[in-house]
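Everything on this sheet refers to the single structure shown next.
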Amino acid sequence: MTTRPYVILSAAISVDGYLDDTSPDRLRLSNAADFDRVDQVRAESDAILIGANTIRRDNPRLLVNSDDRRAQRVADGKPEYPLKVTVTASGDLSADLNFWHHGGSKLVVTVDSTVEKVRAALGDLADVVSVGPELDWDLVLDELGRRGVYRLMVEGGGTIHTQLMSQNLADEVHLAIAPLLVGQPEAARFLGAANYPGGTTARMKVLEVRAIDDVVFVRYAPKERG
């Protein structure tokens, strides 16, 4: 039986729960010390997953930036960079995006109707696999498990966080809470409306709380609800 990866949802949010504002420029919610913490979590992960919408909007490179951390990965017998993964049902991905041209191996998980479209668009920039007629997260995690991904870091966006949380597939949640308020209903939120496990009274276990300069870092265990 395939061992699924341990899934960590990671996000920086405003006090009122937003991932970004509606301006053209990316809102920097975190700070330098917390970015370094995120870099450490990336270095400890076998794969980093981000949604196609977030790739199109933010055009991230999604790297382990520390030379020392990358060197330690190699010393431990791992690739220099974690596998970079994106999921898409539409197949609308451009070969010009930074995601494909930095770091190590890339994987696109898609559906039957768009798998050839993605392969044609990306060529040899990424491995492309379908999980069937619909994007099924159980099958996505099974696929990653078969590829030797034991620890998966998910960096958004909000739709993916919502789907994984509502399907009880997240093992940890890492939130960096910035001392900012966004207050824009159209802006992206960490979580959207869904039927979450346990309902409104199920309290998640808190694993850690600490201040990182002006950001508060909280680590939850969402499967441990009381």
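Computation of the quantities below employed the complete heavy-atom set of this structure, encompassing side-chain atoms and omitting hydrogens, waters and symmetry-equivalent molecules.
A salt bridge between Arg69 and Asp39 is present, with a side-chain N of the basic residue lying under 4.0 Å from a carboxylate O of the acidic one.
With respect to Asp142, the side-chain contact (heavy atoms from CB on, under 4.5 Å) criterion is satisfied by exactly one of Leu139, Val140, Leu144: Leu139.
Taking a 6.0 Å sphere around OH of Tyr220, one finds it holds 12 or fewer heavy atoms contributed by other residues, nucleotides or ligands. By the neighbour-count criterion of 12 heavy atoms within 6.0 Å, atom CZ of Arg28 is sparsely surrounded, having that number or fewer from other residues, nucleotides or ligands. By the 6.0 Å contact criterion, CG on Asp76 is enclosed, its count of non-hydrogen atoms from other residues, nucleotides or ligands being greater than 12.
Arg73 CZ to Lys78 NZ: the interatomic distance, rounded to the nearest 0.5 Å, is 5.5 Å. For the atom pair Leu19 CG and Arg26 CZ, the distance stands at 7.5 Å (nearest 0.5 Å). One finds the OG atom of Ser90 at 7.0 Å from the CG atom of Asn53 (value rounded to the nearest 0.5 Å).
Within the structure, the side chain to side chain donor-acceptor pair (under 3.5 Å) test picks out the following pairs touching residues 96-111 (sequence neighbours left out): Thr110-Thr114.
Contacts of Asp136 classified as salt bridge (Lys or Arg N to Asp or Glu O under 4.0 Å), with partners at least two apart in sequence or in another chain: none. A search for side-chain hydrogen bond (donor to acceptor under 3.5 Å, both in side chains) contacts involving Asp67 returns Arg70, not counting sequence neighbours.
Taking each heavy atom of Gly51 and Ile160 in turn, the nearest pair found is CA-CD1, 3.2 Å. Considering all non-hydrogen atoms of both residues, Val111 and Ala89 come closest at CG2-O, 3.7 Å.
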Stepwise salt bridge (charged side-chain N to carboxylate O under 4.0 Å, His left out) test for Glu155 and Arg42: CA-CA 10 Å; Glu155 295 199 36; Arg42 287 180 178 178; 2.7 Å; yes
Full working for side-chain hydrogen bond (donor to acceptor under 3.5 Å, both in side chains) between Ser130 and Asp112: CA-CA 6 Å; Ser130 172; Asp112 291 347; 2.5 Å; yes
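Looking at Val85 and Leu107, their side chains come closer than 4.5 Å, going by heavy atoms from C-beta outward.
Phe99 does not carry Arg61 over the face of its six-membered ring by the limits of under 6.0 Å from the centre and within 45° of the normal.
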